[in-house]
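See below for the structure under consideration.
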Amino acid sequence: MAHFFCRLNPPRPTFAQDATTDERQLMARHAAYWREHLDAGRVEIFGMVGDPAGGWGFAVANAADTTAVAAMTSADPVILAHQGFSYDVFPMPLGAVMR
């Protein structure tokens, strides 16, 4: 297993402040999706980053390879909804340091 940093890019920089009701419901499905991966041990942590330039989401995933992590990100409800979200995925060559 390897660790991957997954950055979820929202459809606009102001998304965290001005998400519509439908978008908030989509985000609830997104959070539930990643919670399942967390509970199954496929994700170490996930959440939102309050970047002053515009918030974005992240997860540190455990996966055998880039194909496996791509399968997780591509099945995210926010990606399947085609609402302008995208992922950047970066391998973590030294893994994640846990306490």
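The model shown is predicted, which means the values in this text are computed figures rather than measured ones.
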I'd like to check the ring pair (Phe, Tyr, Trp, His ring centres under 6.0 Å) partners of Phe4; sequence neighbours left out, ordered by chain and number. none
Linked, directly or transitively: Trp34 and Met48 (ILVMFWY side chains, under 4.5 Å): no
All side chain to side chain donor-acceptor pair (under 3.5 Å) counterparts of Thr21, not counting sequence neighbours: Arg24
Between atom CE of Met1 and atom CZ of Arg42, what is the distance when rounded to the nearest 0.5 Å? 8.5 Å
Apart from Leu80 itself, residues in the same hydrophobic cluster as defined by side-chain heavy atoms under 4.5 Å: none
Does Asp39 have any salt bridge (Lys or Arg N to Asp or Glu O under 4.0 Å) partners at least two apart in sequence or in another chain, and if so, which? Arg35
For Thr14, enumerate each residue passing the side chain to side chain contact (heavy atoms under 4.5 Å, CB included) test, keeping only those at least two apart in sequence or located in another chain. Arg12, Gln17, Asp18
Set of salt bridge (Lys or Arg N to Asp or Glu O under 4.0 Å) partners for Arg29, sequence neighbours left out: none
How would you list, by chain and number, every residue that makes a side chain to side chain contact (heavy atoms under 4.5 Å, CB included) with Phe5, sequence neighbours excluded? Arg7, Trp56, Phe58, Val60, Phe90, Met92
Pro13 and Ala53 have their tightest heavy-atom pair at CB-O, 3.7 Å
For Ser86, enumerate each residue passing the side chain to side chain donor-acceptor pair (under 3.5 Å) test, keeping only those at least two apart in sequence or located in another chain. Asn9
Please report the interatomic distance NE2(His3) to CD(Glu44), rounded to the nearest 0.5 Å. 4.0 Å
Output for pair (Ile79 CD1, Leu8 CG), nearest 0.5 Å, gives 6.0 Å
Set of side chain to side chain contact (heavy atoms under 4.5 Å, CB included) partners for Pro11, sequence neighbours left out: Phe15, Phe85
Between Cys6 and Val69, which heavy-atom pair has the shortest distance, and what is it? SG-CG2, 3.7 Å
Using side chain to side chain contact (heavy atoms under 4.5 Å, CB included) as the criterion, list what pairs up with Ser74, not counting sequence neighbours. none
Once salt bridge (Lys or Arg N to Asp or Glu O under 4.0 Å) is applied, what residue pairs with a partner in residues 49-76 remain, sequence neighbours excluded? none
Check: Asp22 and Gln83 side chains under 4.5 Å, non-hydrogen atoms: no
Looking only at non-hydrogen atoms, find the nearest pair between Val43 and Ala59 and report the distance. CG1-CB, 4.3 Å
Determine whether Thr66 and Pro91 make a side-chain contact, defined as any pair of heavy atoms from C-beta on separated by less than 4.5 Å. no
Ring pair (Phe, Tyr, Trp, His ring centres under 6.0 Å) involving Tyr87 - partner list, sequence neighbours excluded: none
